[in-house]
Amino acid sequence: MTSELDIFVGNTTLIDEDVYRLWLDGYSVSDAVALRVRSGILEQTGATAAVLQSDTMDHYRTFHMLERLLHAPPKLLHQLIFQIPPSRQALLIERYYAFDEAFVREVLGKKLSKGTKKDLDDISTKTGITLKSCRRQFDNFKRVFKVVEEMRGSLVDNIQQHFLLSDRLSRDYAAIVFFANNRFETGKKKLQYLSFGDFAFCAELMIQNWTLGAVGEAPTDPDSQVDDMDVDLDKEFLQDLKELKVLVADKDLLDLHKSLVCTTLRGKLTVFSEMEANFKNLSRGLVNVAAKLTHNKDVRDLFVDLVEKFVEPCRSDHWPLADVRLFLNQYSASVHSLDGFRHQALWDRYMGTLRGCLLRLYHD
Amino acid sequence: MPGKLKVKIVAGRHLPVMDRASDLTDAFVEVKFGNTTFKTDVYLKSLNPQWNSEWFKFEVDDEDLQDEPLQITVLDHDTYSANDAIGKVYIDIDPLLYSEAATVISGWFPIYDTIHGIRGEINVIVKVDLFNDLNRFRQSSCGVKFFCTTSIPKCYRAVIIHGFVEELVVNEDPEYQWIDRIRTPRASNEARQRLISLMSGELQRKIGLKVLEMRGNAVVGYLQCFDLEGESGLVVRAIGTACTLDKLSSPAAFLPACNSPSKEMKESPLVHPPSHGCRSTHNSPIHTATGSRLTQNFSVSVPTLIYTGMGSGSAGKEGGPFKALLRQQTQSALEQREFPFFTLTAFPPGFLVHVGGVVSARSVKLLDRIHNPDEPETRDAWWAEIRQEIKSHAKALGCHAVVGYSESTSICEEVCILSASGTAAVLNPRFLQDGTLEGCLEQRLEENLPVGCGFCHIPYDELNMPFPAHLTYCYNCRKQKVPDVLFTTIDLPTDATVVGKGCLIQARLCRLKKKAQAEANATAISNLLPFMEYEVHTQLMNKLKLKGMNALFGLRIQITVGENMLMGLASATGVYLAALPTPGGIQIAGKTPNDGSYEQHISHMQKKINDTIAKNKELYEINPPETSEELIGSPIPEPRQHSRLLRSQSESSDEVTELDLSHGKKDAFVLEIDDTDALEDVHSLLTDVPPPPGFYSCNTEIMPGINNWTSEIQMFTSVRVTRLSSLNLTNQALNKNFNDLCENLLKSLYFKLRSMIPCCLCHVNFTVSLPEDELIQVTVTAVAITFDKNQALQTTKTHVEKSLQRASTDNEELLQFPLELCSDSIPSHPFPPAKEHLESASSNSGIPAAQRATSVDYSSFADRCSSWIELIKLKAQTIRRGSIKTTVTVEKASPMGEGNFRNRSAPPCANSTVGVVKMTPLSFIPGAKITKYLGIINMFFIRETTSLREEGGVSGFLHAFIAEVFAMVRAHVAALGGNAVVSYIMKQCVFMENPNKNQAQCLINVSGDAVVFVRESDLEVVSTQHPTANCQPLCAGGEVTT
C-alpha cells in the first residue's frame, strides 16, 4: 500500500520553522526527515516516521509554492492564495533572504553573473553549504542587485521597500550590492582574516560619504546620468583625489605634516618611534591609494591596498588599536594646519571614511 | 424588468506576462451577464492595469438575476491574432438579491483559469437595483434567504419551521457531448463550470419558489449536491428546511408581506398546496431539453436497517399503536406533509421531544441512456421512493418526523447507490405552524418532559417494539423508558446531560465484489449492502462499548461503490448520556472451550479489552454518578400523581403493564470468536489508537465536555489517495489497508496540529471515494479549535462576559425565542440542565448557587416534584428577564462592534491589503458573535493540467488547487463585506489522473454561509464604552451598509 497523493491544506497556511530552516539549508526531503528524527521529535510526539515523512513533504511543497512569491516579497503580502499572519510573512521573508557568512565571503565583490554561478559547486564543497542553499543565496544577491541597481534614492531604503527586509538585513544587502557593483576584491589571501561584517561596515561608510547620494543634494538636472546615487562611487570625487598627492609629493609638506603629527603624539603612543620611522611610508601609502582611485582596477584593489600599505606595516610593528586610532585622528587633523594645502574638504571626505574603515580593518 | 445590475471594473494586479517580447500584457475585460457583453478599454503594457471603467448596466429579469452568474473574463489584446484569455471570475450575485444581506460586492477576485489556476487578481464592484415588483414573484424567488447552517442561524429566530423542500435539475454533461472531442479542455471545463453555476442558480430559485408557496422566507440546512453521472448526464439536487425566520434585532422586519405568522395559518391548516414537497421539473431553461434523458431500467431497493437501541433488524412496516394521543395529533399534523423531514441537526429548545433512532434507506439504481425525450423523469421517482421508505421506517419507530435528514449518492460507471438517512423523532408541534394542537395539550407535553433527558425517552410502544431492545427507566427522571444505546444523526442537543467528554468513533469496512456489468453488478451490490450495514453497525456498537459510552451523535454512514469493491465508512461522536444506562462491557466467548491455550488466549484478550475500557473511561472522564444497583433493579418508585404532572392517558395506562426488560441483562454484550473474522474484529477494535494527549476529536459541532474554546481556529482539508497492490486483495487485507489509511491520516493530523494543543478537532468529516480500480481516496475536512485547559468550566460572574462558548452565546438567543412565542404558558424546556448553561443563566438572574445545585441533583427527583416545578417556574421567569436583557445589550453593541472591527482591521490592511477571512465547518466562531449573514457561498471549480510532473505531481497539483479554492472562497466573502465562512463544506472533490499522459483533472464543489462576526472581546469594549446605550431600544436592523 503506497500513498499516491497525500496533502494537507489549512485555511491558515501552516509554517513549521524547523522544517523551513531545513528547506532553506537545501536538504532533500529524506535528509530533512532523517535530521528531524535525530532531533527526537518522534519521541516527543509519539509520531511515526511515515507521519514525519508526510509532514515534511507537505511543508516542502508549501515552501516550494511560496518560493515564487518570496522572490518578490510585496507579492507575498498582497497575494490571496496563502493566508499567512503578517508576523509569519515577515519571518518567511527574513529567513529566505538570510545568508551564510561563509558563503557571502566567497562571493562578496564578485560579479553576480553566470560565471560566478558556475563556481557555486566549488563554493559548496569548500564551505560545506549545500549547493541548493548556495544557489538560493546567490540568486537572492543577484535579484536584489538587479532590482535596486538602477534605482535612485537610498540603497537601504530601496532594498527595504522592495524586499521588506529588516533594517539590519537591508544594510547587509546594501553592502553586498555595493561591493558587487564596484567589484571590490575581497578574496585575496591577505584579506581572509576579514569578516563580512568588516566589509559591510566599510561599505556603509563609503556609501554614506563617497557616493553621489552622499553629497546630500538630489541632482536637479534630470538629464544627468546620476541615477544610481548610492551604488556608484562619486566619479568626480575620485578624480579630485589626485589633488591629495601633493601631500606626499611635496617634500616640505610631507615633513611639516610629519612634524605636526609627531609633536602632538610624542609620549602618547607606545609605538612612537616605530610611527616616526614609518610615517612617510604610511602617509605615502594612504595618499597613493587615494590618487590611484581614478582607475577602476585600483578601486577594486582598495582593500588589498589598505591592508598592504597600512594594516600590515602597523601590525608587524605591533601597534595597539588605541595607538592606531590616535595616529589616524592626528594624521587627519594635522592636515588642517598645513597652510599650503588647499583641499581640506576633499581630505576630510576621504580621510573621514578611510579612518573608519582602517580602524575596522585593523585586527588579527 | 425588475432589476438593474451594475458592474464596474476597477483594476487588475499581478497579471501574468502574456507578451514574451515585452514581458508585459495588454489586458482588457469582458463583462457578461446573460446574453449581454460589455468590454473595457485595452490597458496597454501593464501587469497592473487601471481600467477604472464606467458602470456597465444590465437590465434583467430577476429570474435571470437568480439563475445567471456574472461572468468576467480578462483577456490579452492581440492585434494580429485572436485575443488570449487570461482567466475568468464568476460572481454569484444572489447575495445582493435579499434586502438584509450584502448591498454591494466589491473587492479583489482571483482571476481563475481552469488550466493555469489563479493568474492575478481583478478589482470589481457589483451592485443591483431591484424594483420590487411583487407580481413577478411567481417566476423568481428573490428575497428567500438560504443558509447552509443546519440550525437556526444565530441572529435569527424561527417563527415557523415549515419543513422539507427539495428539487432537482438535470442536464447533459458538456464533458460528454460530441463537441467535446474537438473542443479545447479549457472550453469544456468552462462550459461545465458555467452550466453548473446556472443549474445551481436555477435550483435555488425553484426551491425558493417552493418556500414562498409554503409562506416561508428562508431555507435552512440547504444542501446542494451534484451527481456526475457521466454519459447519462449531470444532476444537481438540493434539499433543505423551509422556515419563517425573523431577525432578532428587528422583530417585524423581513417577513414577506403576505406571511405574518398569524391566525390565518390556524384557520387554514392546509395552507400548502399538497404538491409542495415533491414536484420537480427537469427542463432547464438552458437550451438542452434533450439533456434530460435519464431513465431507469433497473432498480433494487435494499432492505434497510434501523439503528437504535440494542439491535438492528428489519423494521416492521406497519407502525404500532401510538402511545399518546398527543403523538397521534402531531402525527396528523405532520401527515399533511408528504415528507415530514428536517435537514436541521440542532434545534430550538423544546422542538425535539423524543428521538427514536437512526433510519436509513438505500437503493441501487442503474443509470442508462435512453434516447427517448418523452420518457418520464425517473430521478424524482427514485428519491421519492427512498423518502417514502424513510418515512415508513420512522413510523415504525413511533415517530412522525425525521430530523438530521440527508441524502447522498455514490456512482461507479452506470451503477448508482442512492442513500438517505436521518433520525426518527417526535417533534413539538408548536413550531410547525399547524394550529391543531394549541392549548392544553401543549402544556401537558411540556410538563411531561423532564429536563435534559426527554429526547432520550422512547417514542415507540414498548409492547410493540420494532426491534429487540433493552429498556430501562430513564436514569435522569426515572419516569420513562429509555433504550440502552441511542444512535442519532443530529448534533447533541444543548440541553442534554452528558458525563465526561465525547470522542470520534469510526467504523470502517471493505467488501470485495466481482466485476460485473449492468444488472448483475447492481444485484451483487444490493446483495452485499445489508451485510455491510450490519457489520458497520456491529463495529460501531463494539467501539462505543469499548469507549464506555452509550450514545452516538452525528452518525453518518457512507457506502461507496467501486469497480471491484464496496467501502463503508461510518463516523459519529460517542458520548455518555446521563439518562441512559451504563453500558456493559464486552465479553468474549470462544466456541471451543476445551482447548487450554485457546482459553488462555481468550482470557488474555478479555483482559486487554477490559483494560482498554477502563483506560478510555479515564481518558474521556466518564465517571457517572454511582447509582446504586438497588435503585435500578428495584421496582421504579411509584410516580407521584401530582396534579401538575398531567400524563397522557395512554402513557399512564402503559405503566401498569410495564416490565423492566433490562433488569439483570445490562452487562451482556457478548462477542463470539468463532472464526477468524471475529478475531479480526476484536483485533481491529484494539488497534484503534486514541489521539495523543491534549487532542480530542468529534464529528459534531461541539465537543461535549469542552466549552472553554479560545478563538484560535484552523480549518483544513487533507486528501490521501492510496494504491492497493492487487496481490493482497482479500477482504481482511482490504480492511486492514483501509483502517490503516484512516488511522494514519488521523495521526498525521494530530502531528501537524500539535502546536494547537490542547485542541479539539471538530466536525471531522471523512469522505471516501474509489476513483479507480485500486485507488482509495479519503478526503477529510475539519476544524481544529484550541481550548483553554486552565480556565475552569464554571467560573463565577465573569463567565458571562467572557462567554466565548457557543453554548452561552446561543442560549441568549435561543432562550428568547420560545419565550416570546408563548410567554403566557410556562415553558420548562428553555431551562436546560446543561451545567454551563445553568451557570450562565443563573448568574444572569442572580439565583444563588445553592439553588442551582439542586438542578443537577436528580437522585431524589420524584420526591420533590412539586417544589421542583415551582422552582422551574421561578427560574424560567427570572431567566426570561435576564436573558432578554442580555440579548438587547448584545444586539445593541453589534453595529458599533462592526464598525470597531473595521477600524481594527485597518492597520494590518496598511501593509497587507488582504484581510483575514476565517473558514469553519461549524455554524459558529468561537469567541465571536455573528452579526450578519451575507448570503450563501456555493462554488464549483474545475482544474486540469497537462503538465502534471511540472506542477509537482498529483500532490503538488491538488495542493495548489485546494489552496486556490480556499483563496477564491475567501475573496468572495471579503468582497461581500464578510470576514468568515461558517458551515463550510467541501461537498465534492473528484480527482482523476492519468500519469502516463502527464494529465490530471479535479472538480471541487464547496459551500458555506458568508458572515460578519465581531470578537466578543471587541463587543465587551464597545459595551463598556457605551453603557448608557442599553436603555433605549435601538434599531439594529439598520446595520452597517457599505
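Sequence lines set the chain letters: A, B, ... in the order given, protein chains first and strands last, and positions in each chain run from 1.
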Within the distance-only criterion (no hydrogens, no angle test), does the side chain of B:S769 pair as donor or acceptor with the backbone N or O of B:P771 below 3.5 angstrom? no
Taking A:F103's backbone N and O only, do any of them form a donor-acceptor pair with A:D100's side chain (distance below 3.5 Å, no angle check)?
no
So, the part of B:V917 with a heavy atom under 4.5 Å from chain A: the answer is both
Closest heavy-atom pair, A:R88 versus A:I15, reported as atoms and distance to 0.1 Å, is NH1-O, 2.8 Å
Backbone N or O of B:P926 within a donor-acceptor pair of the B:S711 side chain at under 3.5 Å? no
Would you find a donor on one side and an acceptor on the other, under 3.5 Å apart, between the side chain of B:T786 and the backbone of B:M756? yes
Less than 3.5 Å apart, any donor N or O on the side chain of A:R36 or A:Y27 sitting next to an acceptor on the other? no
So, the part of B:Y984 with a heavy atom under 4.5 Å from chain A: the answer is neither
Bottom line for B:I118: the part with an atom under 4.5 Å from chain A's heavy atoms is side chain
Taking every heavy atom of B:N979 against every heavy atom of B:V973, the minimum-distance pair comes out as N-CG1, 4.1 Å
State, without any angle test, whether B:S748 and B:R720 hold a side-chain donor-acceptor pair at a distance under 3.5 Å. yes
From the list B:R754, B:K752, B:K747, B:M919, the residue making the most non-hydrogen contacts under 4.5 Å with chain A is B:K752
Expected contact set for residues 161-175 of chain A against chain B at heavy-atom separation under 4.5 Å reads none
Next on the checklist: Do A:R135 and A:F138 form a cation-pi contact, if we require the NZ or CZ to be under 6.0 Å from the six-membered ring centre and within 45 degrees of the ring's axis?
Outcome noted: no
Taking the side chain as everything from C-beta on, heavy atoms only, tell me whether A:P85 gets closer than 4.5 Å to A:T12.
yes
Heaviest contributor of heavy-atom pairs below 4.5 Å to chain B, chosen from A:T13, A:L52, A:T45, is A:T45
Exercise. Mark yes or no for whether B:Q714, through its side chain, and A:N11, through its backbone, hold a donor-acceptor pair below 3.5 Å.
Key: yes
Within residues 54-71 of chain A, the residues sitting under 4.5 Å from chain B by heavy atom, in sequence order, are A:S54, A:D55, A:D58, A:H59, A:R61, A:T62, A:M65
The residue among B:L734, B:L724, B:N737, B:V768 that forms side-chain contact (heavy atoms from CB on, under 4.5 Å) with B:C510 is B:L734
Okay, B:L745 and chain A: the region with an atom under 4.5 Å from a heavy atom over there is neither
Closest heavy-atom pair, A:L80 versus B:W108, reported as atoms and distance to 0.1 Å, is CD1-O, 3.9 Å
When the 4.5 angstrom heavy-atom criterion is applied to B:L753 and chain A, the contacting part is side chain
Report task. Determine yes or no for a side-chain-to-main-chain donor-acceptor pair under 3.5 angstrom, with A:N182 supplying the side chain and A:F178 the backbone. Result -> yes
Max heavy-atom pairs within cutoff under 4.5 Å with chain A, candidates B:M968, B:E993, B:M715, B:K918, goes to B:M715
Donor-acceptor pair between A:N181 and A:E149 side chains, under 3.5 angstrom: no
Heaviest contributor of heavy-atom pairs below 4.5 Å to chain A, chosen from B:R970, B:E121, B:Q777, is B:R970
If one checks every heavy atom of B:H14 against chain A at 4.5 Å, the contacting part turns out to be side chain
Answer key: most heavy-atom pairs under 4.5 Å with chain A among B:G956, B:S955, B:S755, B:A784 is B:S955
